[in-house]
Amino acid sequence: MGSCGTNSNGHGTAEVPRPHAQGPAAMLGIGTANPTGVLMPQDVFPDTLFRVTNSDHLTDLKQKLTRICGNAGIDKRHFHLTEEALAAHPELFDPELLSLDTRVDMTVDAVPKLAQCAAAKAIAEWGRPATEITHLVFTTYSACGAPSADLRLATLLGLRPTVSRTMLSLHGCYGGGRALGLAKELAENNRGARVLVACSETTLVCFGAPDGGNLVGHAIFGDGAGAVIVGAGPFLDGEQRPIFEMVHATQTTVPKTEHALGMQVSGGGIDFHLSIQVPTLIGHNVQGCLIHAFCGGDDDDNGGAHLPSPLSGNGKWNDLFWAVHPGGRLILDNIDKVLKLEPEKLAASRRVLREYGNMSGATIVFVLDELRRRRSLLPEWGAMLAFGPGVTIETMVLRCPR
Ligand SMILES: CC(C)(COP(=O)(O)OP(=O)(O)OC[C@H]1O[C@@H](n2cnc3c(N)ncnc32)[C@H](O)[C@@H]1OP(=O)(O)O)[C@@H](O)C(=O)NCCC(=O)NCCSC(=O)CC(=O)O
(Lines give C-alpha, C1' and ligand atoms only; values in the text may rest on other atoms or scores of the structure.)
Protein backbone atom coordinates (compact mmCIF):
# COMPACT_ATOMS: atom_id res chain seq x y z
CA MET A 1 0.00 0.00 0.00
CA GLY A 2 1.31 3.43 -0.81
CA SER A 3 1.44 6.20 1.76
CA CYS A 4 2.38 9.85 1.69
CA GLY A 5 4.77 10.95 4.41
CA THR A 6 7.64 13.30 5.14
CA ASN A 7 11.19 12.03 4.90
CA SER A 8 14.05 13.07 7.14
CA ASN A 9 14.84 16.00 4.83
CA GLY A 10 11.34 17.34 5.34
CA HIS A 11 10.46 16.63 1.69
CA GLY A 12 7.30 14.69 0.80
CA THR A 13 7.92 11.12 -0.25
CA ALA A 14 6.39 9.83 -3.45
CA GLU A 15 3.25 7.70 -3.39
CA VAL A 16 4.25 4.07 -3.84
CA PRO A 17 2.20 2.68 -6.70
CA ARG A 18 -0.10 -0.20 -5.84
CA PRO A 19 1.20 -3.42 -7.39
CA HIS A 20 -1.10 -5.35 -9.71
CA ALA A 21 -3.50 -7.84 -8.24
CA GLN A 22 -2.90 -11.52 -8.89
CA GLY A 23 -6.24 -11.49 -10.72
CA PRO A 24 -8.45 -12.23 -12.49
CA ALA A 25 -11.13 -9.88 -11.19
CA ALA A 26 -14.29 -11.43 -9.82
CA MET A 27 -17.76 -10.35 -8.79
CA LEU A 28 -17.96 -10.56 -4.99
CA GLY A 29 -21.48 -9.26 -4.41
CA ILE A 30 -24.49 -8.57 -6.64
CA GLY A 31 -27.61 -6.54 -5.82
CA THR A 32 -30.65 -5.27 -7.71
CA ALA A 33 -33.53 -2.90 -6.95
CA ASN A 34 -36.65 -1.49 -8.58
CA PRO A 35 -38.65 1.60 -7.73
CA THR A 36 -41.66 1.05 -5.52
CA GLY A 37 -43.74 3.72 -7.33
CA VAL A 38 -45.57 1.70 -9.98
CA LEU A 39 -45.71 -2.03 -10.75
CA MET A 40 -47.30 -2.15 -14.19
CA PRO A 41 -48.68 -5.41 -15.66
CA GLN A 42 -47.90 -5.44 -19.38
CA ASP A 43 -51.50 -6.14 -20.41
CA VAL A 44 -52.82 -2.96 -18.82
CA PHE A 45 -49.94 -0.74 -19.96
CA PRO A 46 -51.43 0.44 -23.29
CA ASP A 47 -54.76 1.47 -21.69
CA THR A 48 -52.96 3.25 -18.87
CA LEU A 49 -50.49 5.05 -21.14
CA PHE A 50 -53.11 6.34 -23.56
CA ARG A 51 -55.41 7.40 -20.71
CA VAL A 52 -52.80 9.28 -18.63
CA THR A 53 -51.43 11.08 -21.69
CA ASN A 54 -54.91 12.05 -23.01
CA SER A 55 -54.21 10.03 -26.17
CA ASP A 56 -57.26 7.71 -26.25
CA HIS A 57 -58.38 9.22 -29.56
CA LEU A 58 -55.31 7.67 -31.29
CA THR A 59 -57.01 4.31 -31.67
CA ASP A 60 -54.71 2.87 -34.38
CA LEU A 61 -51.61 3.65 -32.34
CA LYS A 62 -53.18 2.12 -29.27
CA GLN A 63 -54.03 -1.08 -31.15
CA LYS A 64 -50.50 -1.28 -32.46
CA LEU A 65 -48.96 -0.77 -29.02
CA THR A 66 -51.30 -3.42 -27.59
CA ARG A 67 -50.04 -5.84 -30.27
CA ILE A 68 -46.38 -5.04 -29.64
CA CYS A 69 -46.81 -5.27 -25.85
CA GLY A 70 -48.45 -8.68 -26.26
CA ASN A 71 -45.47 -10.02 -28.21
CA ALA A 72 -42.70 -8.45 -26.13
CA GLY A 73 -42.10 -11.39 -23.76
CA ILE A 74 -42.78 -9.08 -20.81
CA ASP A 75 -45.29 -9.69 -17.98
CA LYS A 76 -44.69 -6.56 -15.92
CA ARG A 77 -42.38 -3.58 -15.38
CA HIS A 78 -41.56 -1.18 -12.56
CA PHE A 79 -41.64 2.60 -12.94
CA HIS A 80 -40.72 5.56 -10.79
CA LEU A 81 -43.18 7.87 -12.53
CA THR A 82 -46.64 7.78 -10.95
CA GLU A 83 -49.98 8.97 -12.35
CA GLU A 84 -50.01 11.66 -9.65
CA ALA A 85 -46.64 12.99 -10.80
CA LEU A 86 -47.84 13.01 -14.41
CA ALA A 87 -51.01 14.87 -13.47
CA ALA A 88 -48.88 17.48 -11.72
CA HIS A 89 -46.48 17.78 -14.68
CA PRO A 90 -48.35 17.77 -18.02
CA GLU A 91 -45.14 19.02 -19.66
CA LEU A 92 -43.88 15.43 -19.41
CA PHE A 93 -46.29 14.37 -22.16
CA ASP A 94 -46.88 17.60 -24.07
CA PRO A 95 -44.21 17.87 -26.79
CA GLU A 96 -44.93 21.60 -27.14
CA LEU A 97 -43.65 22.26 -23.60
CA LEU A 98 -40.11 22.24 -22.23
CA SER A 99 -39.68 19.53 -19.63
CA LEU A 100 -35.95 18.91 -19.17
CA ASP A 101 -35.81 20.87 -15.89
CA THR A 102 -38.70 18.86 -14.43
CA ARG A 103 -37.09 15.62 -15.47
CA VAL A 104 -33.70 16.58 -14.03
CA ASP A 105 -35.32 17.64 -10.73
CA MET A 106 -37.12 14.30 -10.50
CA THR A 107 -34.09 12.14 -11.33
CA VAL A 108 -31.48 13.93 -9.28
CA ASP A 109 -32.53 12.03 -6.13
CA ALA A 110 -34.35 9.08 -7.65
CA VAL A 111 -31.38 7.73 -9.65
CA PRO A 112 -28.78 7.62 -6.82
CA LYS A 113 -31.35 6.41 -4.28
CA LEU A 114 -32.33 3.50 -6.48
CA ALA A 115 -28.63 2.73 -6.92
CA GLN A 116 -28.21 2.88 -3.14
CA CYS A 117 -30.83 0.13 -2.66
CA ALA A 118 -29.04 -2.15 -5.13
CA ALA A 119 -25.58 -1.28 -3.76
CA ALA A 120 -26.62 -2.01 -0.16
CA LYS A 121 -27.53 -5.57 -1.22
CA ALA A 122 -24.26 -6.05 -3.13
CA ILE A 123 -22.23 -4.74 -0.19
CA ALA A 124 -24.11 -6.98 2.27
CA GLU A 125 -23.31 -10.02 0.15
CA TRP A 126 -19.67 -9.00 -0.17
CA GLY A 127 -19.59 -8.83 3.65
CA ARG A 128 -17.17 -5.94 4.10
CA PRO A 129 -17.83 -2.34 5.21
CA ALA A 130 -18.64 0.21 2.50
CA THR A 131 -15.59 2.21 3.63
CA GLU A 132 -13.38 -0.49 2.08
CA ILE A 133 -14.65 0.44 -1.40
CA THR A 134 -11.80 2.11 -3.26
CA HIS A 135 -13.45 2.89 -6.63
CA LEU A 136 -16.95 3.67 -7.85
CA VAL A 137 -18.11 3.36 -11.46
CA PHE A 138 -21.63 4.72 -11.98
CA THR A 139 -23.60 4.43 -15.19
CA THR A 140 -26.94 5.98 -16.13
CA TYR A 141 -28.66 7.65 -19.08
CA SER A 142 -30.30 10.07 -16.64
CA ALA A 143 -27.37 12.29 -15.66
CA CYS A 144 -27.46 15.88 -16.90
CA GLY A 145 -25.41 17.74 -14.24
CA ALA A 146 -22.19 17.79 -12.25
CA PRO A 147 -21.42 16.75 -9.60
CA SER A 148 -23.56 13.82 -10.54
CA ALA A 149 -25.28 10.71 -9.20
CA ASP A 150 -21.90 9.10 -8.46
CA LEU A 151 -21.08 11.66 -5.77
CA ARG A 152 -24.60 11.51 -4.35
CA LEU A 153 -24.36 7.71 -4.13
CA ALA A 154 -20.92 7.91 -2.49
CA THR A 155 -22.43 10.23 0.15
CA LEU A 156 -25.53 8.07 0.69
CA LEU A 157 -23.35 4.99 1.23
CA GLY A 158 -20.76 6.76 3.38
CA LEU A 159 -17.90 5.91 1.05
CA ARG A 160 -14.56 7.43 2.01
CA PRO A 161 -13.58 10.78 0.46
CA THR A 162 -10.64 9.13 -1.35
CA VAL A 163 -12.94 6.82 -3.30
CA SER A 164 -12.06 7.18 -6.98
CA ARG A 165 -15.26 7.96 -8.92
CA THR A 166 -15.99 7.49 -12.63
CA MET A 167 -19.28 8.57 -14.21
CA LEU A 168 -20.50 6.94 -17.43
CA SER A 169 -23.36 8.91 -18.99
CA LEU A 170 -25.66 7.99 -21.87
CA HIS A 171 -24.00 4.66 -22.63
CA GLY A 172 -27.50 3.21 -22.76
CA CYS A 173 -27.87 -0.52 -22.60
CA TYR A 174 -24.17 -1.27 -22.85
CA GLY A 175 -23.43 0.91 -19.79
CA GLY A 176 -23.55 -2.03 -17.39
CA GLY A 177 -21.19 -4.06 -19.56
CA ARG A 178 -18.77 -1.13 -19.93
CA ALA A 179 -18.83 -0.40 -16.19
CA LEU A 180 -18.05 -4.03 -15.41
CA GLY A 181 -15.22 -4.05 -17.97
CA LEU A 182 -13.76 -0.92 -16.42
CA ALA A 183 -14.13 -2.35 -12.90
CA LYS A 184 -12.24 -5.45 -14.01
CA GLU A 185 -9.32 -3.32 -15.20
CA LEU A 186 -9.32 -1.19 -12.05
CA ALA A 187 -9.38 -4.24 -9.79
CA GLU A 188 -6.65 -6.10 -11.64
CA ASN A 189 -4.35 -3.10 -11.88
CA ASN A 190 -4.63 -2.01 -8.24
CA ARG A 191 -3.95 -4.73 -5.71
CA GLY A 192 -6.56 -4.64 -2.95
CA ALA A 193 -8.94 -2.40 -4.91
CA ARG A 194 -12.65 -3.02 -4.38
CA VAL A 195 -14.80 -1.44 -7.07
CA LEU A 196 -18.49 -0.69 -6.72
CA VAL A 197 -20.29 -0.78 -10.07
CA ALA A 198 -23.68 0.96 -9.91
CA CYS A 199 -26.16 1.12 -12.81
CA SER A 200 -29.39 3.04 -12.25
CA GLU A 201 -31.95 3.76 -14.94
CA THR A 202 -35.36 5.39 -14.99
CA THR A 203 -37.50 5.98 -18.05
CA LEU A 204 -38.90 9.24 -16.71
CA VAL A 205 -36.20 11.19 -18.54
CA CYS A 206 -37.51 9.93 -21.87
CA PHE A 207 -41.23 9.43 -21.11
CA GLY A 208 -43.57 11.08 -23.60
CA ALA A 209 -47.01 10.77 -25.16
CA PRO A 210 -47.22 7.84 -27.59
CA ASP A 211 -46.42 8.65 -31.21
CA GLY A 212 -45.51 6.69 -34.33
CA GLY A 213 -41.81 6.67 -33.38
CA ASN A 214 -41.75 5.62 -29.72
CA LEU A 215 -44.12 2.67 -29.44
CA VAL A 216 -41.42 0.00 -29.16
CA GLY A 217 -39.66 2.00 -26.43
CA HIS A 218 -42.93 2.30 -24.54
CA ALA A 219 -43.50 -1.43 -24.90
CA ILE A 220 -40.15 -2.64 -23.55
CA PHE A 221 -38.35 -0.18 -21.22
CA GLY A 222 -38.63 -0.21 -17.43
CA ASP A 223 -36.81 1.18 -14.38
CA GLY A 224 -34.25 -0.60 -12.21
CA ALA A 225 -30.80 -0.51 -10.66
CA GLY A 226 -28.03 -3.07 -10.35
CA ALA A 227 -24.81 -3.06 -8.37
CA VAL A 228 -21.77 -5.32 -8.28
CA ILE A 229 -18.71 -5.35 -6.04
CA VAL A 230 -15.63 -6.28 -8.08
CA GLY A 231 -12.24 -7.22 -6.69
CA ALA A 232 -9.26 -9.34 -7.66
CA GLY A 233 -7.40 -11.91 -5.58
CA PRO A 234 -5.65 -12.97 -3.57
CA PHE A 235 -8.61 -13.29 -1.19
CA LEU A 236 -6.56 -13.96 1.91
CA ASP A 237 -9.28 -13.67 4.52
CA GLY A 238 -11.37 -16.44 2.93
CA GLU A 239 -14.51 -14.37 3.56
CA GLN A 240 -14.82 -12.85 0.09
CA ARG A 241 -15.93 -15.50 -2.34
CA PRO A 242 -15.92 -14.97 -6.11
CA ILE A 243 -19.35 -15.44 -7.71
CA PHE A 244 -18.19 -15.07 -11.32
CA GLU A 245 -14.60 -14.55 -12.46
CA MET A 246 -14.28 -11.86 -15.12
CA VAL A 247 -11.74 -13.54 -17.35
CA HIS A 248 -11.52 -11.40 -20.47
CA ALA A 249 -13.46 -8.38 -21.73
CA THR A 250 -13.73 -6.81 -25.18
CA GLN A 251 -15.70 -4.01 -26.78
CA THR A 252 -16.64 -4.00 -30.46
CA THR A 253 -18.21 -1.15 -32.42
CA VAL A 254 -20.12 -2.34 -35.45
CA PRO A 255 -18.90 -0.07 -38.29
CA LYS A 256 -21.32 2.40 -39.89
CA THR A 257 -24.17 1.76 -37.46
CA GLU A 258 -24.15 5.07 -35.58
CA HIS A 259 -27.60 5.79 -36.98
CA ALA A 260 -29.20 2.63 -35.60
CA LEU A 261 -29.45 3.39 -31.92
CA GLY A 262 -29.05 6.61 -30.01
CA MET A 263 -30.10 9.10 -27.38
CA GLN A 264 -30.23 12.87 -27.67
CA VAL A 265 -30.77 15.34 -24.82
CA SER A 266 -33.28 18.04 -25.77
CA GLY A 267 -35.58 20.55 -24.07
CA GLY A 268 -38.18 17.80 -23.96
CA GLY A 269 -35.95 15.29 -22.17
CA ILE A 270 -34.01 12.48 -23.78
CA ASP A 271 -35.10 11.36 -27.24
CA PHE A 272 -34.52 7.68 -27.85
CA HIS A 273 -33.87 6.53 -31.39
CA LEU A 274 -34.28 2.81 -31.97
CA SER A 275 -34.00 1.53 -35.53
CA ILE A 276 -35.91 -1.52 -36.64
CA GLN A 277 -32.56 -2.96 -37.83
CA VAL A 278 -31.11 -3.37 -34.31
CA PRO A 279 -32.05 -7.05 -33.76
CA THR A 280 -30.64 -7.98 -37.21
CA LEU A 281 -27.43 -5.98 -36.67
CA ILE A 282 -26.82 -7.68 -33.35
CA GLY A 283 -27.62 -11.11 -34.78
CA HIS A 284 -25.14 -10.59 -37.63
CA ASN A 285 -22.31 -9.41 -35.41
CA VAL A 286 -22.57 -11.30 -32.19
CA GLN A 287 -20.64 -14.39 -33.28
CA GLY A 288 -17.64 -12.30 -34.40
CA CYS A 289 -17.56 -10.52 -31.03
CA LEU A 290 -17.64 -13.82 -29.18
CA ILE A 291 -14.85 -15.30 -31.29
CA HIS A 292 -12.76 -12.17 -30.67
CA ALA A 293 -13.36 -12.40 -26.91
CA PHE A 294 -12.77 -16.14 -26.62
CA CYS A 295 -9.64 -16.00 -28.74
CA GLY A 296 -8.24 -13.48 -26.27
CA GLY A 297 -8.65 -10.36 -28.43
CA ASP A 298 -5.63 -8.92 -30.24
CA ASP A 299 -3.41 -8.69 -27.20
CA ASP A 300 -0.92 -11.53 -26.76
CA ASP A 301 -0.60 -10.73 -23.09
CA ASN A 302 -4.18 -11.16 -21.99
CA GLY A 303 -4.34 -14.79 -21.06
CA GLY A 304 -6.05 -15.87 -24.24
CA ALA A 305 -4.20 -19.15 -24.14
CA HIS A 306 -6.08 -20.06 -20.97
CA LEU A 307 -9.54 -19.49 -22.39
CA PRO A 308 -11.75 -22.41 -23.38
CA SER A 309 -12.24 -22.96 -27.07
CA PRO A 310 -15.97 -23.19 -27.74
CA LEU A 311 -15.17 -22.91 -31.43
CA SER A 312 -13.48 -26.23 -31.80
CA GLY A 313 -16.59 -28.15 -32.73
CA ASN A 314 -20.24 -27.85 -33.60
CA GLY A 315 -22.60 -26.72 -30.89
CA LYS A 316 -19.85 -25.62 -28.51
CA TRP A 317 -21.64 -22.38 -27.68
CA ASN A 318 -24.00 -24.68 -25.81
CA ASP A 319 -21.15 -25.64 -23.47
CA LEU A 320 -21.30 -22.14 -21.96
CA PHE A 321 -23.69 -20.33 -19.64
CA TRP A 322 -25.09 -17.09 -21.03
CA ALA A 323 -25.65 -13.64 -19.55
CA VAL A 324 -27.19 -11.70 -22.45
CA HIS A 325 -28.76 -8.24 -22.20
CA PRO A 326 -32.43 -8.83 -23.06
CA GLY A 327 -32.76 -5.73 -25.25
CA GLY A 328 -35.97 -7.12 -26.73
CA ARG A 329 -37.57 -10.50 -27.38
CA LEU A 330 -36.50 -10.45 -31.04
CA ILE A 331 -32.86 -9.77 -30.08
CA LEU A 332 -32.81 -12.88 -27.89
CA ASP A 333 -34.56 -14.90 -30.63
CA ASN A 334 -31.92 -13.82 -33.16
CA ILE A 335 -29.03 -14.70 -30.84
CA ASP A 336 -30.61 -18.10 -30.17
CA LYS A 337 -30.88 -18.67 -33.91
CA VAL A 338 -27.39 -17.49 -34.90
CA LEU A 339 -25.59 -19.38 -32.14
CA LYS A 340 -27.94 -22.39 -32.35
CA LEU A 341 -28.46 -22.29 -28.61
CA GLU A 342 -30.49 -24.88 -26.76
CA PRO A 343 -33.80 -23.46 -25.51
CA GLU A 344 -32.83 -23.01 -21.85
CA LYS A 345 -29.52 -21.22 -22.54
CA LEU A 346 -31.07 -17.75 -22.50
CA ALA A 347 -33.53 -18.60 -19.72
CA ALA A 348 -32.03 -16.07 -17.28
CA SER A 349 -32.27 -13.26 -19.88
CA ARG A 350 -35.83 -14.20 -20.82
CA ARG A 351 -36.89 -14.36 -17.17
CA VAL A 352 -35.46 -10.89 -16.48
CA LEU A 353 -37.20 -9.54 -19.60
CA ARG A 354 -40.47 -11.11 -18.46
CA GLU A 355 -40.29 -9.80 -14.89
CA TYR A 356 -38.79 -6.33 -15.45
CA GLY A 357 -38.55 -5.44 -19.16
CA ASN A 358 -35.44 -3.76 -20.57
CA MET A 359 -33.89 -1.60 -17.82
CA SER A 360 -31.11 -0.43 -20.14
CA GLY A 361 -27.64 -0.55 -18.50
CA ALA A 362 -28.92 -2.09 -15.26
CA THR A 363 -30.47 -5.13 -16.95
CA ILE A 364 -27.26 -7.13 -17.30
CA VAL A 365 -26.81 -7.08 -13.51
CA PHE A 366 -30.30 -8.58 -13.09
CA VAL A 367 -29.31 -11.35 -15.51
CA LEU A 368 -26.09 -12.03 -13.58
CA ASP A 369 -28.13 -12.10 -10.36
CA GLU A 370 -30.56 -14.58 -11.90
CA LEU A 371 -27.68 -16.79 -13.11
CA ARG A 372 -26.09 -16.67 -9.68
CA ARG A 373 -29.22 -18.31 -8.26
CA ARG A 374 -28.74 -21.15 -10.75
CA ARG A 375 -24.97 -21.35 -10.09
CA SER A 376 -24.86 -25.02 -9.10
CA LEU A 377 -26.38 -25.94 -12.47
CA LEU A 378 -24.09 -23.78 -14.61
CA PRO A 379 -21.16 -25.02 -16.68
CA GLU A 380 -17.74 -23.65 -15.75
CA TRP A 381 -17.43 -21.10 -18.57
CA GLY A 382 -19.84 -18.42 -19.70
CA ALA A 383 -20.28 -15.36 -21.89
CA MET A 384 -21.76 -11.98 -21.09
CA LEU A 385 -23.11 -9.74 -23.86
CA ALA A 386 -24.50 -6.20 -23.68
CA PHE A 387 -25.40 -3.84 -26.55
CA GLY A 388 -26.07 -0.16 -26.97
CA PRO A 389 -25.51 2.95 -29.07
CA GLY A 390 -22.58 2.73 -31.49
CA VAL A 391 -23.75 0.02 -32.18
CA THR A 392 -21.48 -1.16 -29.38
CA ILE A 393 -21.24 -4.75 -28.20
CA GLU A 394 -19.60 -5.48 -24.85
CA THR A 395 -18.45 -9.08 -24.44
CA MET A 396 -16.98 -10.70 -21.36
CA VAL A 397 -15.73 -14.24 -20.81
CA LEU A 398 -16.91 -15.41 -17.39
CA ARG A 399 -15.94 -18.37 -15.24
CA CYS A 400 -18.02 -19.83 -12.49
CA PRO A 401 -15.53 -21.04 -9.85
CA ARG A 402 -16.28 -24.39 -8.25
C1 LIG B 1 -40.70 -5.00 -30.03
C2 LIG B 1 -40.83 -6.47 -30.48
C3 LIG B 1 -40.96 -7.33 -29.22
C4 LIG B 1 -42.11 -6.60 -31.32
O5 LIG B 1 -42.16 -7.88 -31.82
P6 LIG B 1 -43.37 -8.43 -32.72
O7 LIG B 1 -43.32 -9.92 -32.65
O8 LIG B 1 -44.63 -7.76 -32.27
O9 LIG B 1 -43.18 -8.08 -34.22
P10 LIG B 1 -42.37 -7.00 -35.06
O11 LIG B 1 -40.95 -7.15 -34.78
O12 LIG B 1 -42.81 -7.22 -36.46
O13 LIG B 1 -42.87 -5.57 -34.60
C14 LIG B 1 -44.23 -5.19 -34.52
C15 LIG B 1 -44.43 -3.83 -35.15
O16 LIG B 1 -43.50 -2.92 -34.55
C17 LIG B 1 -42.69 -2.32 -35.57
N18 LIG B 1 -41.33 -2.13 -35.06
C19 LIG B 1 -40.51 -3.07 -34.56
N20 LIG B 1 -39.34 -2.52 -34.19
C21 LIG B 1 -39.43 -1.20 -34.46
C22 LIG B 1 -38.57 -0.10 -34.29
N23 LIG B 1 -37.36 -0.24 -33.74
N24 LIG B 1 -38.99 1.13 -34.67
C25 LIG B 1 -40.24 1.30 -35.20
N26 LIG B 1 -41.11 0.27 -35.38
C27 LIG B 1 -40.71 -0.95 -35.02
C28 LIG B 1 -42.74 -3.31 -36.72
O29 LIG B 1 -42.46 -2.67 -37.95
C30 LIG B 1 -44.16 -3.80 -36.65
O31 LIG B 1 -44.99 -2.80 -37.20
P32 LIG B 1 -46.30 -3.16 -38.04
O33 LIG B 1 -47.20 -3.90 -37.08
O34 LIG B 1 -46.86 -1.83 -38.44
O35 LIG B 1 -45.86 -4.00 -39.19
C36 LIG B 1 -39.62 -6.93 -31.30
O37 LIG B 1 -39.64 -6.25 -32.54
C38 LIG B 1 -38.30 -6.66 -30.63
O39 LIG B 1 -37.93 -7.32 -29.63
N40 LIG B 1 -37.55 -5.74 -31.17
C41 LIG B 1 -36.24 -5.35 -30.64
C42 LIG B 1 -36.39 -4.15 -29.80
C43 LIG B 1 -35.04 -3.44 -29.68
O44 LIG B 1 -34.52 -2.95 -30.67
N45 LIG B 1 -34.48 -3.41 -28.52
C46 LIG B 1 -33.24 -2.74 -28.25
C47 LIG B 1 -33.52 -1.72 -27.26
S48 LIG B 1 -32.16 -0.70 -27.12
C49 LIG B 1 -31.13 -1.47 -26.09
O50 LIG B 1 -31.41 -2.47 -25.52
C51 LIG B 1 -29.84 -0.75 -25.95
C52 LIG B 1 -29.89 0.71 -25.59
O53 LIG B 1 -30.94 1.26 -25.33
O54 LIG B 1 -28.84 1.31 -25.49
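Numbering of ligands and ligand atoms starts at 1, following listing order.
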Any residue meeting side-chain contact (heavy atoms from CB on, under 4.5 Å) with I68, in chain and number order, not counting sequence neighbours:
K64, L215, V216, A219

Under a heavy-atom criterion of less than 4.0 Å, does [X] contact ligand 1?
| X | answer |
| --- | --- |
| H325 | yes |
| Y174 | no |
| A72 | yes |

Do [Y] and [X] meet the salt-bridge criterion of a basic N to acidic O distance under 4.0 Å?
| X | Y | result |
| --- | --- | --- |
| R160 | E132 | no |
| D47 | K62 | yes |
| E245 | K184 | no |
| E342 | K345 | no |
| E370 | R351 | yes |

Using modelled atom types only, decide if a donor and an acceptor are shared between the side chain of S266 and the backbone of G269 within a distance under 3.5 Å.
yes

Kindly say whether G226 contributes a backbone atom to a donor-acceptor pair with the side chain of T32 at under 3.5 angstrom?
no

Take atom CZ in R374; do more than 12 heavy atoms of anything else shown fall under 6.0 Å from it?
yes

Identify, with sequence neighbours excluded, every residue that meets side-chain hydrogen bond (donor to acceptor under 3.5 Å, both in side chains) alongside R329.
D333

Closest protein heavy atom (residue, atom, distance) for [atom]:
| atom | result |
| --- | --- |
| atom 45 (N) of ligand 1 | G327 O, 3.1 Å |
| atom 53 (O) of ligand 1 | C173 SG, 2.7 Å |
| atom 33 (O) of ligand 1 | R67 NH2, 2.7 Å |
| atom 43 (C) of ligand 1 | I331 CD1, 3.9 Å |
| atom 8 (O) of ligand 1 | N71 ND2, 3.0 Å |

Using a 4.0 Å cutoff against the non-hydrogen atoms of [X], which atoms of ligand 1 qualify?
| X | result |
| --- | --- |
| F387 | 51 (C) |
| F272 | 53 (O) |
| G172 | 54 (O) |
| V216 | 1 (C), 18 (N), 19 (C), 20 (N), 21 (C), 22 (C), 27 (C) |
| L274 | 22 (C), 23 (N), 24 (N), 44 (O), 46 (C), 47 (C), 48 (S) |
| I220 | 45 (N), 47 (C) |
| L330 | 11 (O), 36 (C), 37 (O), 38 (C), 39 (O), 40 (N) |
| G328 | 39 (O) |

Would [X] count as a polar contact of ligand 1, with the cut-off being nitrogen or oxygen pairs under 3.5 Å?
| X | answer |
| --- | --- |
| I68 | no |
| L261 | no |
| H171 | no |
| V278 | no |
| S360 | no |

Under 4.0 Å from [atom], is there any protein heavy atom?
| atom | value |
| --- | --- |
| atom 35 (O) of ligand 1 | no |
| atom 12 (O) of ligand 1 | no |
| atom 29 (O) of ligand 1 | yes |

Quick one, E355 with R77, criterion salt bridge (Lys or Arg N to Asp or Glu O under 4.0 Å). Give me CA distance, side-chain angles, the key distance, then yes/no.
CA-CA 7 Å; E355 297 296 319; R77 290 174 282 162; over 6 Å; no

Among H273, R329, Q277, which residue places a heavy atom closest to atom 6 (P) of ligand 1?
R329

Side chain, backbone, both or neither: which applies to [X] and ligand 1 if a contact is any heavy-atom pair less than 4.0 Å apart?
| X | answer |
| --- | --- |
| S275 | backbone |
| I276 | both |
| P279 | side chain |
| N358 | side chain |

Sub-6.0 Å ring centroid separation between F321 and F244:
yes

Taking the six-membered ring for Trp, are F93 and F207 closer than 6.0 Å centroid to centroid?
no

Verify salt bridge (Lys or Arg N to Asp or Glu O under 4.0 Å) between R350 and D336, making sure each step is shown before the conclusion.
CA-CA 11 Å; R350 290 194 191 275; D336 261 340; 2.8 Å; yes

Pair R194-Q240, side-chain donor/acceptor within less than 3.5 Å:
yes

Can you say whether the rings of F272 and Y141 are parallel (under 30°), tilted (30 to 60°) or perpendicular (over 60°)?
perpendicular

Could you go through E380 and R399, starting from their C-alpha distance and side-chain angles, then the distance that decides it, and tell me whether this counts as salt bridge (Lys or Arg N to Asp or Glu O under 4.0 Å)?
CA-CA 6 Å; E380 181 178 6; R399 184 173 165 268; 2.7 Å; yes

